[in-house]
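Sequential numbering from 1 along the given sequence is applied to the chain's residues.
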Amino acid sequence: MSLKGKNKILLVLGREALDRDSSLYQEVLGNLQLSGFEIRFDPMDRIRFLFMRKIGPGKFLGKHLLLPFLRAVYVVLVQRQLFDFLLFVLNRISSLEFRTRVVSRYIQRKSKQTKHLVVLARSAGSIVISSIANHMPVDYIICLGYPFRSPEEGDAAFRTAHLARLEKPMMIFQGERDPYGGKDMVNQYTLSPQIQLSFVDVDHDFNLNEQDLLRVKTEIERVLMKWK
């Protein structure tokens, strides 16, 4: 397929507590100048986004049973990752590793139809994409709140070791008061020259004021304009 026939994708990789980010995504993605990019949601999140659009971010009685079932069907039947799914069910790999494998397969499957791929990652989604980006056709990563450390468990190599070796450009918007790594913590980590840090006055929930929201949206639009 020629480049002319390929599409451009803005892939959104959310955090585990996706329901709590509903308003954030509406603010960041609303009225965004996409420059020909299509917004696609993480395959592990698309079903949850669909439910959130239908019923809102509130509690849904069946979601703890129905959503995991639908996600499992997607991974096994569409992604054809039965082996990885069984490893996850049997507790042989973590939920983060399972999600990383699903995202990796998804990007590989889409790569033949994709001309440019920009990733907007949030929290755990940032670990997923930054850990595999060197081996994926990723043009740029924009992160909203990187989880450098766990407030309860502290540092762990899987969160930060790969950041020193990242070869793809990445902009991290980090909360100054983020318990997962605020302004007083992030200088403790070795970051690749490809990584830029920009601090905003928020905690990990990322409730942006109007000025910082404009900064984030302007950066996303600036990046997308590179491949207009």
Euclidean distance, Leu86 CG relative to Phe88 CZ, rounded to 0.5 Å: 11.5 Å
Are Leu29 and Val12 close enough that some pair of their side-chain heavy atoms sits under 4.5 Å apart? yes
Just how far is it from atom CG of Leu32 to atom CG of Leu224, taken to the nearest 0.5 Å? 6.5 Å
Report the distance from atom CG of Leu77 to atom CD of Gln81, rounding to the nearest 0.5 Å. 12.0 Å
So, do Met171 and Val223 sit near enough that their side-chain heavy atoms are less than 4.5 Å apart? no
Does the side chain of Glu97 come within less than 4.5 Å of Phe158's, by heavy atoms? no
In terms of relative ring orientation, are Phe85 and Phe98 parallel, tilted or perpendicular, with 30° and 60° separating the classes? tilted
Is it the case that the side chain of Gln174 and the backbone of Gly181 share a donor-acceptor pair, with hydrogens and angles ignored and the cut-off at 3.5 Å? yes
Got a sec, which residues hit salt bridge (charged side-chain N to carboxylate O under 4.0 Å, His left out) with Arg80, two or more places apart in sequence or on another chain? none
Nearest heavy-atom pair of Leu163 and Ser130: which atoms, and what distance? CD2-OG, 3.9 Å
Can you tell me how far the CG atom of Leu24 sits from the CG atom of Asn207, to the nearest 0.5 Å? 8.0 Å
Could you pull out the closest heavy-atom pair between Leu144 and Arg122, with the gap in Å? O-NH1, 3.1 Å
Is it the case that the side chain of Lys8 and the backbone of Trp227 share a donor-acceptor pair, with hydrogens and angles ignored and the cut-off at 3.5 Å? yes
Flag the pair Arg165 and Glu167 as a salt bridge only when some basic side-chain nitrogen lies within less than 4.0 angstrom of an acidic carboxylate oxygen. no
Over all atoms of both residues, closest heavy-atom pair of His204 and Ser123: NE2-OG, 2.8 Å
Contact between Arg222 and Tyr140 at the side-chain level, heavy atoms closer than 4.5 Å - yes or no? yes
Any heavy-atom pair between the side chains of Leu117 and Val138 that's under 4.5 Å? yes
Atom pair CZ/CG of Arg149 and Asp178 - distance to nearest 0.5 Å: 10.5 Å
Side chain to side chain contact (heavy atoms under 4.5 Å, CB included) between Asp201 and Arg177: does it pass, once the steps are laid out? CA-CA 7 Å; Asp201 184 20; Arg177 298 175 279 108; 3.1 Å; yes
So Lys6 and Gln113, side chain to side chain contact (heavy atoms under 4.5 Å, CB included) or not? Walk me through it. CA-CA 5 Å; Lys6 293 186 176 183; Gln113 296 88 36; 5.6 Å; no
Kindly indicate whether the side chain of Leu208, heavy atoms from C-beta on, has any atom under 4.5 Å from the side chain of Leu214. no
Quick one, Val118 and Ile9 - any side-chain contact, counting heavy atoms below 4.5 Å? no
Just verifying a value: how many Å separate Leu11 CG and Ile129 CD1, rounded to the nearest 0.5 Å? 6.5 Å
Checking salt bridge (Lys or Arg N to Asp or Glu O under 4.0 Å) for the pair Lys217/Glu219: CA distance, chi angles, key distance, verdict? CA-CA 5 Å; Lys217 296 186 73 163; Glu219 173 64 14; over 6 Å; no
Looking only at side-chain N and O atoms, does Tyr189 offer a donor or acceptor that is under 3.5 Å from a partner on Asp155? yes
Are any side-chain N or O atoms of Asn209 and backbone N or O atoms of Asp212, one a donor and one an acceptor, separated by less than 3.5 Å? yes
Looking at Ser104 and Arg101, would you say the former's side chain and the latter's main chain have a donor-acceptor pair under 3.5 Å? no
Let me see the working for Phe206 and Val200 under side chain to side chain contact (heavy atoms under 4.5 Å, CB included), right down to the final yes or no. CA-CA 9 Å; Phe206 236 76; Val200 288; 3.9 Å; yes
Is it true that a side-chain atom of Lys168 and a backbone atom of Ala133 form a donor plus acceptor pair closer than 3.5 Å? yes
Does Cys143 form a side chain to side chain contact (heavy atoms under 4.5 Å, CB included) with Met170? I'd like the steps, not just the answer. CA-CA 7 Å; Cys143 164; Met170 181 177 186; 3.8 Å; yes
Is it the case that the side chain of Ser192 and the backbone of Gln194 share a donor-acceptor pair, with hydrogens and angles ignored and the cut-off at 3.5 Å? yes
Flag yes if Val89 and Leu96 sit in one hydrophobic cluster, no otherwise; membership is Ile, Leu, Val, Met, Phe, Trp, Tyr, and two members link when side-chain heavy atoms are under 4.5 Å apart. yes
Closest approach of Pro179 and Met185, non-hydrogen atoms and distance? O-CE, 4.1 Å
Quick one: does Gln79's side chain have a donor or acceptor within less than 3.5 Å of a partner on Val102's backbone? yes
Does CZ in Arg109 sit with more than 12 non-hydrogen atoms of other residues, nucleotides or ligands closer than 6.0 Å? yes
In short, Val128 meets Arg99 closest at the heavy-atom pair CG2-CD, 4.2 Å
Mind checking whether Phe148 and Tyr180 have ring centres under 6.0 Å apart? no
Looking only at heavy atoms, the pair that brings Ser131 and Thr100 closest together is OG-CG2, 4.0 Å
Is there a donor-acceptor pair under 3.5 Å between the side chain of Tyr146 and the backbone N or O of Arg159? yes
Are Arg15 and Asp205 close enough for a salt bridge, meaning some N to O gap below 4.0 Å? yes
Asn187 atom CG, over 12 foreign heavy atoms within 6.0 Å: yes
Where the side chain of Arg40 meets the backbone of Leu10, is there a donor-acceptor pair that is under 3.5 Å apart? no
Residues Asp139, Lys226: salt bridge by 4.0 Å N-O rule: no
Under 4.5 Å between any side-chain heavy atoms of Phe173 and Ile142, yes or no? yes
